[in-house]
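Only a predicted model underlies this, so the values are computations on that prediction, with no experimental measurement involved. Reminder, nothing fancy here: chain letters follow the sequence lines and each chain counts from 1.
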Amino acid sequence: MKQQIEELILQAVETLKAEGILDLEITPHITIERTRDAQHGDFASNLALMLAKPAKANPRQLAIKIIAALPQHETIMKVELAGPGFINFFINPSSQYQIIKQIHAEGREFGLSNIGAGKKVQVEFVSANPTGPLHVGHGRGAAYGSVVADLLKAVGFDVHREYYVNDAGRQMDILATSIWLRYLEECGELVHFPSNGYRGDYVREIAWDIHKSANNEYRRPIGLVLENLPADEPQGGDKEAHIDALIDRTKTLLGPSLYRDFFQSGLNNILDDIKVDLKEFGVDYQQWFSERLLMDNGSVGKALERLSVGGHLYEQDGATWFASSKLGDEKDRVVVRENGQFTYFASDIAYHMNKLDRGFDQIINIWGADHHGYIPRVRAAIQALGADESKLKVLLVQFAVLYRGDERVQMSTRSGEFVTLRQLRNEVGKDAARFFYVMRRSEQHMDFDLKLATSKSNENPVFYVQYAYARVCSVLRQLDEKGWERNLILGMESLAKLTEEHEILLLGTLARYPEVLERAALQYEPHQLVHYLRDLAHEFHTYYNAHQFLVEDASIRDARLNLVCAVKQVLANGLGLLNINAPEAM
RNA sequence: GCCCCGAUAGCUCAGCAGGAUAGAGCGGUCCCCUCCUAAGGGACAGGCCGGUGGUUCAAAUCCGCCUCGGGGCGCCA
């Protein structure tokens, strides 16, 4: 519809050019938008306003000429000049009814497009360290990332979803050590738990499990563990030095092989839990990409080699630095520490090299807003690797600040005081949680009131949309109970009987759906789809209250049912994209 | 100090590839079930779109400056 009007306008412009009214040099960017006010018709163009200056003409005069030059078309009922020079298009109602036939014909496919066809996109999201269960902050990234991925797929991109598992590095050593200390407690040793260790209950649970299956295999006397350790912070020492020494001691006492076993069982335990958690939250991945794999298979070395060949590395103070400041970063970054270990950034460079080598046309990283300072160095790395940095798109998700009523909930993984994603799901359910997370713009700080989200009252907006769907289902059940049968063909033939204001309004909203999907996908903004679904549900509820669908006159009845079933289909398609259930009854 | 995000109704937020009287939900006041689920609908009240300059025929939307919030600036991950 929109495209048709665009073509008509384009033809008009050509005509005016041929007549010498418009300069041949002018190639206008034609913008057509749906009107907000029905008085302004269905579509409006500001073309005359845009061209007024280059054409050196009065916008209203110009609009009149454009209108005169517009070819006739069956879908256009009338064209009006309005305001300062807007051209308003009124669509012929008979062509508006087509949307119902289209939705019925396309079903689940309705709204999908192929504007992304042939483009491979990788979406990396969540990628939380496997040092504990996912909390509600990760939930937002999970919901947002999965819907962005689904939207891109819906408009034709070849989407690859990935979780980068930080299974190497110091944090993991701290975790392994924390589990081991809890394990020793379970064995009966009297342990002073380090202030910098992971204190969550899940650490104890993992320790119990290991003790159950391995008994005292990993037990060492606590005296040996604590011997000559630097003091912890509460004792006036440095907590970092303390925990590092504790890690070293753990490795020494267990030996490489046993330490690795222990480490691995902690990792597996938590990663499996994360996988199940996300699966239950409706989030699937094509790949779980291991950082340790990059370390072990030499990819990090290769990536640094590539940077080195390009002259991007230098040695200073015993460390190896990446000269990222020459490529837009604010300072250079260490990639190999003085102690010979790679930094986290080094493996991230390798990971991005790997992404590039896999031939994605676009790489989308969805990060927490706290990582924003990290973007310039990754861009620098991509350039240094010889790739086009515009392939990288970083989408930042602002934090969800948790409230319980008026009280702000403090969160800290270390202290173990946090609300897990699983707790949230258990309290509100998958549907409400997902809906809440994506109903706000991702760059927007979000106040997530657990009290509100956990309330099963009608304040919860997800019910509103689901209820519209359930109502249609209910209508169809009622039809059956009344002994009527729906005649699809008769309904389609009688669409012209849908002349009520509410009905015309719904036709327009239904027709908007593909545009909403396209826009939401290309702008990575799932909330646009959420708002659309709310609008659609609202218009349906209003219609429902204003008119009876199951009327005696079969032709009107079937026409209305076809309209209402089109609404049902679009609600199902939209909710499906959000991975939110569409219940037959509530 | 530098960087990112934000500031719109009492509250939570849409609207921001500039457009015609700024929207929704919740909360407030009132109204609508002998009728397909009232988890619904309708009406009213509620706004100097943080402030201030600028660009434009047109600015909540774009640009500059300022104020106030949140976050980030490690040989941590």
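When Watson-Crick and G-U wobble pairs are counted only if both distances are under 3.5 Å, B:C75 pairs with no nucleotide at all. With a 3.5 Å ceiling on both atom-pair distances, B:U21 lacks any Watson-Crick or G-U wobble partner. For B:A9, there is no paired nucleotide, since no Watson-Crick or G-U wobble pair has both relevant distances below 3.5 Å.
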Working note: A:R441 + A:M446, criterion side-chain contact (heavy atoms from CB on, under 4.5 Å); need CA distance, chi angles, decisive distance, verdict.
CA-CA 9 Å; A:R441 265 167 63 218; A:M446 183 169 75; over 6 Å; no
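Nucleic acid contact for A:A546: none, since no nucleic acid atom lies under 4.0 Å from a heavy atom of the residue. No engagement by A:H502 is indicated, since no non-hydrogen atom pair under 4.0 Å with the nucleic acid exists.
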Acceptor/donor pairs from residues 550-558 of chain A side chains to any protein atom, 3.5 angstrom cut, sequence neighbours excluded:
unit_1: A:D553; atom_1: OD1; unit_2: A:S555; atom_2: N; d: 2.9
unit_1: A:D553; atom_1: OD1; unit_2: A:S555; atom_2: OG; d: 2.7
unit_1: A:D553; atom_1: OD1; unit_2: A:I556; atom_2: N; d: 3.4
unit_1: A:S555; atom_1: OG; unit_2: A:K497; atom_2: NZ; d: 2.9
unit_1: A:R557; atom_1: NH1; unit_2: A:V551; atom_2: O; d: 3.0
unit_1: A:R557; atom_1: NH1; unit_2: A:E552; atom_2: O; d: 3.3
unit_1: A:D558; atom_1: OD1; unit_2: A:N487; atom_2: N; d: 3.2

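The phosphate of B:A38 (OP1 or OP2) has a side-chain N or O of A:R471 nearer than 4.0 angstrom. At B:G25, none of the side-chain N or O atoms of A:H531 fall inside 4.0 Å of OP1 or OP2 (strictly under the cut-off).
Legend: residues meeting side chain to side chain donor-acceptor pair (under 3.5 Å) with A:H40, ordered by chain and number and at least two apart, are absent. Residues passing the side chain to side chain donor-acceptor pair (under 3.5 Å) test with A:T542: none are found, sequence neighbours excluded.
When distances run from any side-chain atom of A:Q444 to the nucleotides B:G15, B:C13, B:G40, the shortest one goes to B:C13. The A:H445 side chain lies nearest to B:G69 when the options are B:G69, B:A20, B:G40.
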Protein-nucleotides 42-44 of chain B N/O pairs closer than 3.5 Å?
unit_1: B:G42; atom_1: OP1; unit_2: A:T542; atom_2: OG1; d: 3.4

Shorter than 3.5 Å, N or O on both sides, protein versus nucleotides 73-77 of chain B: list them out with atom names.
unit_1: B:C73; atom_1: O2'; unit_2: A:E330; atom_2: OE2; d: 2.9
unit_1: B:C75; atom_1: O2; unit_2: A:E338; atom_2: N; d: 2.7
unit_1: B:C75; atom_1: N4; unit_2: A:D317; atom_2: O; d: 3.2
unit_1: B:C76; atom_1: OP2; unit_2: A:R337; atom_2: NE; d: 2.5
unit_1: B:C76; atom_1: OP2; unit_2: A:R337; atom_2: NH1; d: 3.3
unit_1: B:A77; atom_1: OP1; unit_2: A:R337; atom_2: NH2; d: 2.5
unit_1: B:A77; atom_1: OP2; unit_2: A:Y344; atom_2: N; d: 3.3
unit_1: B:A77; atom_1: O2'; unit_2: A:N129; atom_2: OD1; d: 3.1
unit_1: B:A77; atom_1: O2'; unit_2: A:N129; atom_2: ND2; d: 2.3

If you restrict it to nitrogen or oxygen atoms, what contacts under 3.5 Å exist between nucleotides 54-61 of chain B and the protein, and what is each distance?
unit_1: B:C57; atom_1: OP1; unit_2: A:K53; atom_2: NZ; d: 2.7

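Classified by interplanar angle (parallel below 30°, tilted 30° to 60°, perpendicular above 60°), the ring pair A:H547/A:H502 is perpendicular.
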